[in-house]
2 protein chains.
Amino acid sequence: MTSLGEGEYALLDQSWHDAITPDAARRMLIAAAHAFADKGYHATTTRDIAARAGMSPAAVYIHYRSKEDLLFQISKVGHERSLKVLTAVQDPDPRDRMAKTVAAFARWHAEFRTTARVVQYELGSLSPEHHAVVAELRRKIETHVRQIVEDGVKAGSFETPDQNGTALAVLSLCIDVARWYRPDGKRTPEDIGTLYADLALRMLSKSV
Amino acid sequence: MTSLGEGEYALLDQSWHDAITPDAARRMLIAAAHAFADKGYHATTTRDIAARAGMSPAAVYIHYRSKEDLLFQISKVGHERSLKVLTAVQDPDPRDRMAKTVAAFARWHAEFRTTARVVQYELGSLSPEHHAVVAELRRKIETHVRQIVEDGVKAGSFETPDQNGTALAVLSLCIDVARWYRPDGKRTPEDIGTLYADLALRMLSKSV
DNA sequence: CTTAGTTCTAAGCAACCGCTTAGTATGTCG
DNA sequence: CGACATACTAAGCGGTTGCTTAGAACTAAG
């Protein structure tokens, strides 16, 4: 039917349960997310998506306007979720806030690797109009991390030769987890979050 | 004709002058590299590649067996060049060696962003046989960075809770430059190399 | 029962894909 | 000059693509 590990399917089915209805639409979107993450958007056919969802090729077009519409829904929900992961951290101390933010953001890119790969690698496959929507969300994500760095420097907790450059590097480090992470590897998403929180603090530490 | 900036074309034409002959084969490969980097392998048509090279669709098959053969040549030469950039640094001190290696590797991913994007994002589009060839080169790249970290820890220059994890993170940081770098941005490849060398040393520094 | 609405499938259409074939222009050697 | 090799193009072939159409199966209201 789905030819996915039970866990792989169940994770997104639970995560998207409230946001994507009805059930058939969610099943199709999960099938599309896994296909796009595995092979890339352009290498995936609508027949492949339908087969993964256990339905006929024409069933795709009952709940979605086009293949690109499927991509946009995945990208939009994915960006919103990753932004929510960032902004959920509210610690007053910049060091703690940075550590917890990086841990959560890096962890998300491992745990939701399927979504994250579509979010990070298929921006160019979106229509100009849809790209503009997610670009706005990406701007908010970058601004949020820049703000933590700025707060830390102002508070005297951080020291860096290039505030925006280092903020970009911290973000880049977390995002690239989606590229190399494998669920069957020895590091858990939790492990990666812990290591990366330490690395981010080192990148901004006062003594070198 | 090529519809590329003169500089964009000239950079690869010069870099590949000795490795790829005759001229028409190199012109076709440069056209393919830019198309793959811009739109992705599967979104690129052989007609598109031929048009960028200013030739007919059938001309692709005079110098290359298939579209995948073009991808393999770009990926193979690209991996070999990036490995060469790494191994060219020979400093005896681990700190200096790490700084210079990271500076050169990060800089390469910015300067040769076109090649780097194909190298890093189209691994899954290679045939299993061709993938095995570049996978061996990738193993060498990772081993090389791990070795520098190990040497630095043994010499007492570095301190880290996870040697291999941090080596992977340093590598990941450099590789992801190919994703976000834009030639028209404010940071030059040189700037990025300098910043990233500092960040790598911080990630491995003894005092946190 | 009829009627209307929703969700699905079988079949297929026009466009496009990677790649091949047949033939042309150019150059080289004797 | 003719014989042959190389580098290229025009045309097109079989297969696949995203998506549409026509209709079946089911539910629910009147």
Side-chain angles (χ1 to χ4, degrees), chain A residues 1-2 13 20-75 118 122 124-131, chain B residues 1-2 13 16-17 20-75 118 122 124-131:
Chain A
M1 191 81 95
T2 57
D13 191 50
I20 314 289
T21 53
D23 285 4
R26 189 178 339 109
R27 188 148 35 100
M28 199 66 82
L29 204 66
I30 293 169
H34 282 97
F36 294 163
D38 282 356
K39 311 197 300 177
Y41 174 77
H42 281 104
T44 300
T45 68
T46 55
R47 284 164 178 83
D48 184 21
I49 295 166
R52 284 186 190 234
M55 301 175 90
S56 78
V60 170
Y61 297 91
I62 295 162
H63 298 287
Y64 300 94
R65 271 194 270 262
S66 64
K67 181 182 160 188
E68 196 269 350
D69 189 30
L70 279 161
L71 175 63
F72 176 56
Q73 298 303 327
I74 297 164
S75 191
V118 179
E122 299 295 352
S125 304
L126 290 165
S127 72
E129 296 77 22
H130 288 162
H131 183 273
Chain B
M1 189 81 95
T2 55
D13 192 49
W16 289 349
H17 191 274
I20 314 290
T21 54
D23 285 4
R26 189 178 338 108
R27 188 148 35 99
M28 199 67 83
L29 204 66
I30 292 169
H34 282 97
F36 293 163
D38 282 355
K39 312 197 300 176
Y41 174 77
H42 281 104
T44 300
T45 69
T46 55
R47 285 165 176 82
D48 184 21
I49 296 166
R52 283 186 190 234
M55 301 175 89
S56 76
V60 170
Y61 298 91
I62 294 163
H63 299 287
Y64 300 94
R65 270 193 270 262
S66 65
K67 181 182 160 188
E68 195 270 348
D69 189 28
L70 279 161
L71 175 64
F72 176 56
Q73 299 301 327
I74 297 164
S75 190
V118 179
E122 299 296 350
S125 304
L126 290 164
S127 72
E129 297 77 22
H130 288 162
H131 183 274

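In what follows, chains are A, B, ... by sequence order, proteins preceding strands, each numbered from 1. Every value quoted in this text rests on a predicted model; they were computed, and no experiment measured them.
No donor-acceptor pair under 3.5 Å is formed between the side chain of A/Tyr41 and the backbone N or O of A/Val118. Remark: side-chain polar atoms of A/Lys67 are not paired, donor with acceptor, to backbone N or O of A/Val60 under 3.5 angstrom. Judged by distance alone, with hydrogens and angles left aside, the side-chain atoms of B/Asp48 form no donor-acceptor pair with the main-chain N or O of B/Thr44 at under 3.5 Å.
Between the CD atom of A/Glu68 and the C1' atom of D/dG18 there is a distance of 13 Å, rounded to whole Å. The CG-C1' distance, from A/Leu71 to D/dC19, rounds to 17 Å in whole Å. Atoms CD1 (A/Ile49) and P (D/dT17) sit 11 Å apart, rounded to a whole Å. Here D/dT20 presents its P atom at 17 Å from OH of A/Tyr64, a figure rounded to the nearest Å. In this structure, A/Tyr41 places its OH atom 9 Å from C1' of D/dG18, rounding to the nearest Å. Atom NE2 in B/His63 sits about 13 Å away from atom C1' in D/dT9, given to the nearest Å. Spacing between atom CG of B/Asp48 and atom C1' of C/dC16 amounts to 13 Å, rounded to whole angstrom units. For the pair B/Leu70 CG and C/dG18 P, the computed distance is 11 Å after rounding to whole Å.
Side chain of A/Ile62, nearest nucleotide from D/dT9, C/dC17, C/dT7: C/dT7. Across D/dT9, D/dT17, C/dT9, the shortest atom-to-atom separation from the side chain of A/Met55 is found for C/dT9. Counting only heavy atoms from C-beta on, A/Ala24 has its side chain closest to C/dC8 among C/dC8, D/dT9, D/dT17. With D/dT17, D/dT9, C/dA10 as the choices, the nucleotide that has an atom nearest any side-chain atom of B/Ala58 turns out to be D/dT9. Of the candidates C/dC13, D/dC8, C/dT9, C/dC13 carries the atom nearest the A/Arg47 side chain, counting heavy atoms from C-beta on. Of the listed nucleotides (C/dT20, D/dC19, C/dC8), D/dC19 has the atom at the smallest distance from the side chain of A/Lys67.
Within the 4.5 Å cutoff, side-chain heavy atoms of B/Met55 are placed close to those of B/Arg27. Looking at heavy atoms from C-beta onward, A/Asp38 lies in side-chain contact with A/Arg52 at the 4.5 angstrom threshold.
OP1 or OP2 of D/dG18 sits under 4.0 Å from a side-chain N or O of A/Thr46. Dashed line: the shortest gap from a side-chain N or O of A/His42 to OP1 or OP2 of D/dT17 is not under 4.0 Å.
Looking at heavy-atom distances under 4.0 Å, A/Ser56 makes contact with a base.
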